[in-house]
Amino acid sequence: MLDKILVANRGEIAVRILRTCKRLGIQTVAVHSEADRHSLHKQMADEAVLIGPSPARESYLNIDRILEAALKTKCHAIHPGYGFLSENAEFARRVQSAGLIFIGPPPEAIAMMGDKLSAKELSISAGVPVIPGHMEAVSTEEDAFTIAEAIGYPLLFKAAAGGGGKGMRIVYQPGELEAAFTACRQEARKAFGDGRVFIERFIEKPRHIEVQILADTHGHIIHLGERECSIQRRHQKVLEESPSPALSSENRTAICQAACILAKKAGYINAGTVEFIYDTHGSFYFLEMNTRLQVEHPVTEAVTGFDLVEQQIRIASGEPLPFKQQDIVLNGW
């Protein structure tokens with residue numbers, strides 16, 4: 001078990017991680033900006049380090065200051081939480097290069113699954129179905145019109161480096177395509193510093209199913225069932241529930257097994273979530289993978305009884321998963 005962990009985050013998720021660490025007897029270090037000098041996560045930790053001014057880019061997104069704080073306080077590992085640097089492959093590499101343990105997946109898996117195009121290519125190679133579409137970034141309006149005619153309407157423009165519902169536009173007819181393509185590229189460039197967009201068929205009346213997986217360093221991968229988050233506003237989840245009321249036992253088994261197959265193909269380790277679109281005909285398609293602990297993880301904890309943060313820490317410590325797939329039982333809703 002790790003002896004001392006720095007939590008590279010703030011607010012609710014930092015408090016969440018600190019609570020588990022305290023229960024496990026692990027020493028903790030909080031980092032905070034000047035704006036958070038009186039915050040709860042700072043008060044809860046055994047030690048706290050000021051890492052910069054209020055703007056996140058000068059504090060919670062400042063890799064050098066976070067690493068400096070971890071080394072100065074003699075931490076063994078860093079937990080990134082969610083948001084900020086949690087899905088930043090370069091941060092994970094820097095943590096490892098500093099001789100520390102990154103409580104999350106390998107940098108290579110973060111980079112591969114963080115790019116929607118490379119993730120879709122991996123999904124295809126793993127035999128996991130993907131939404132029909134064009135697998136390369138679209139560079140011109142002329143190309144967009146040509147691809148759209150081949151795919152058919154309605155279609156969806158998506159940012160290749162995107163997430164959180166940003167850089168997405170639905171197009172129902174050709175007259176909407178030019179404006180949607182331009183707006184999507186601009187939003188993607190502003191949000192992610194990467195203007196690449198691709199096109200896929202828009203699945204109407206979809207359900208959004210995500211599968212929680214855990215993978216240890218000994219080659220074991222299991223799922224902890226699914227969560228449904230179909231009720232959304234502006235592509236942001238409003239309601240999360242587990243198990244999904246839409247899945248039959250056969251479809252649940254198939255979609256959860258697909259998540260594990262994809263994680264294994266990616267060389268994934270630690271906690272992650274594989275997201276799928278589920279259509280009105282009972283077919284499912286890989287959407288993306290979140291290479292971190294998700295905001296919604298307590299929903300899975302409520303129906304499985306497992307502390308996912310504890311499992312993350314144990315996996316990062318090199319421990320094998322203490323249970324097998326057949327040991328996972330969902331209780332209630």
Side-chain angles (χ1 to χ4, degrees), residues 80 82-96 102 104-140 143-144 147-148 150-151 155-169 181 184-185 187-203 208-215 219 221 223 235 255 257-277 284-294:
Y82 47 66
F84 290 134
L85 295 168
S86 62
E87 293 182 282
N88 186 309
E90 179 60 24
F91 178 55
R93 290 191 192 96
R94 293 278 303 277
V95 170
Q96 294 179 350
F102 180 76
E108 298 78 15
I110 295 175
M112 180 185 299
M113 303 311 290
D115 185 285
K116 285 186 170 60
L117 289 175
S118 64
K120 287 186 72 170
E121 290 171 357
L122 186 75
S123 183
I124 292 170
S125 69
V128 176
V130 301
I131 299 172
H134 187 71
M135 290 300 299
E136 298 178 0
V138 183
S139 56
T140 68
D143 288 342
I147 295 165
I151 294 174
L155 56 83
L156 183 66
F157 283 115
K158 296 180 74 172
K166 296 184 181 297
M168 295 174 64
R169 291 292 188 280
F181 179 63
C184 188
R185 294 182 73 185
E187 186 173 318
R189 193 174 294 110
K190 180 178 179 181
F192 312 111
D194 185 339
R196 291 178 303 140
V197 301
F198 64 100
I199 303 176
E200 63 185 22
R201 175 81 56 80
F202 178 64
I203 306 297
H208 192 134
I209 307 292
E210 55 190 29
V211 180
Q212 178 70 60
I213 63 104
L214 288 174
I221 298 178
H223 67 80
H235 306 296
I255 201 168
Q257 286 181 345
C260 292
I261 290 170
L262 185 59
K264 189 174 187 66
K265 185 77 172 179
Y268 200 86
I269 296 171
N270 216 270
T273 301
V274 185
E275 302 194 7
F276 297 91
I277 288 293
F284 63 87
Y285 308 94
F286 169 70
L287 182 62
E288 63 182 3
M289 186 174 190
N290 294 137
T291 57
R292 54 172 167 79
L293 190 69
Q294 277 195 292

Trainee: Determine whether Cys184 and Met168 satisfy the following criterion, side-chain contact (heavy atoms from CB on, under 4.5 Å), listing intermediate values before the conclusion.
Mentor: CA-CA 6 Å; Cys184 188; Met168 295 174 64; 5.8 Å; no
Trainee: What distance do Leu262 atom CG and Gln257 atom CD have between them, rounded to the nearest 0.5 Å?
Mentor: 13.5 Å
Trainee: Please tell me if the side chains of Val197 and Lys158 come closer than 4.5 Å, counting only heavy atoms from C-beta onward.
Mentor: no
Trainee: Checking side-chain polar atoms at under 3.5 Å, does His208 have a donor or acceptor matched by the opposite partner on Glu275?
Mentor: yes
Trainee: Do Lys120 and Glu288 meet the salt-bridge criterion of a basic N to acidic O distance under 4.0 Å?
Mentor: no
Trainee: Counting distance only, does the side-chain N/O of Glu187 pair as donor-acceptor with the main-chain N or O of Gly167 below 3.5 Å?
Mentor: yes
Trainee: Can you find a pair of side-chain heavy atoms, one from Ile269 and one from Pro106, that are under 4.5 Å apart?
Mentor: yes
Trainee: How about Val211 and Phe276: do any of their side-chain heavy atoms sit closer than 4.5 Å?
Mentor: yes
Trainee: Show the nearest heavy-atom pair for residues Met289 and Val274, with the distance to one decimal.
Mentor: CE-CG2, 4.0 Å
Trainee: Any chance you could measure Asp115, atom CG, to Asp194, atom CG, to the nearest 0.5 Å?
Mentor: 7.5 Å
Trainee: Could you tell me whether the side chain of Ser118 and the main chain of Met112 form a donor-acceptor pair under 3.5 Å?
Mentor: yes
Trainee: In the structure I gave you, are the side-chain heavy atoms of Tyr82 and Gln294 within less than 4.5 Å of one another anywhere?
Mentor: no
Trainee: Is the distance between the ring centroids of Phe181 and Phe157 under 6.0 Å?
Mentor: yes
Trainee: To the nearest 0.5 Å, what is the distance between CZ on Arg94 and CG on Leu85?
Mentor: 10.5 Å
Trainee: Just how far is it from atom OH of Tyr285 to atom CD1 of Ile131, taken to the nearest 0.5 Å?
Mentor: 8.0 Å
Trainee: Look at the side chain of Arg185 and the backbone N and O of Ser139, then say whether any donor-acceptor pair between them is shorter than 3.5 Å.
Mentor: yes
Trainee: Please report the shortest heavy-atom distance between Ile213 and Ala263, naming the atom on each side.
Mentor: CD1-CB, 3.9 Å
Trainee: For Arg292, does its backbone N or O pair with a side-chain atom of Asn290 as donor and acceptor, under 3.5 Å?
Mentor: no
Trainee: Is there side-chain contact between Phe102 and Ile110, with heavy atoms separated by less than 4.5 Å?
Mentor: yes
Trainee: Short question: side chain of Glu210, backbone of Thr273 - any donor-acceptor pair under 3.5 Å?
Mentor: no
Trainee: From the options Ile124, Leu122, Val130, select the one residue that forms a side chain to side chain contact (heavy atoms under 4.5 Å, CB included) with Phe286.
Mentor: Val130
Trainee: Could you please spell out the steps behind the side-chain contact (heavy atoms from CB on, under 4.5 Å) verdict for Asn270 and Leu214?
Mentor: CA-CA 5 Å; Asn270 216 270; Leu214 288 174; 5.9 Å; no
Trainee: With a cut-off of 6.0 Å (strictly less than), are more than 12 heavy atoms of other residues, nucleotides or ligands near CD of Glu136?
Mentor: no
Trainee: I want to check something: taking the side chain as every heavy atom from C-beta on, are Ile151 and Ile199 in contact at a cut-off of under 4.5 Å?
Mentor: yes
Trainee: Does the side chain of Glu200 reach to within under 4.5 Å of the side chain of Pro132, using non-hydrogen atoms?
Mentor: no
Trainee: Are Leu117 and His134 packed together at the side-chain level, in the sense that at least one heavy-atom pair is separated by less than 4.5 angstrom?
Mentor: no
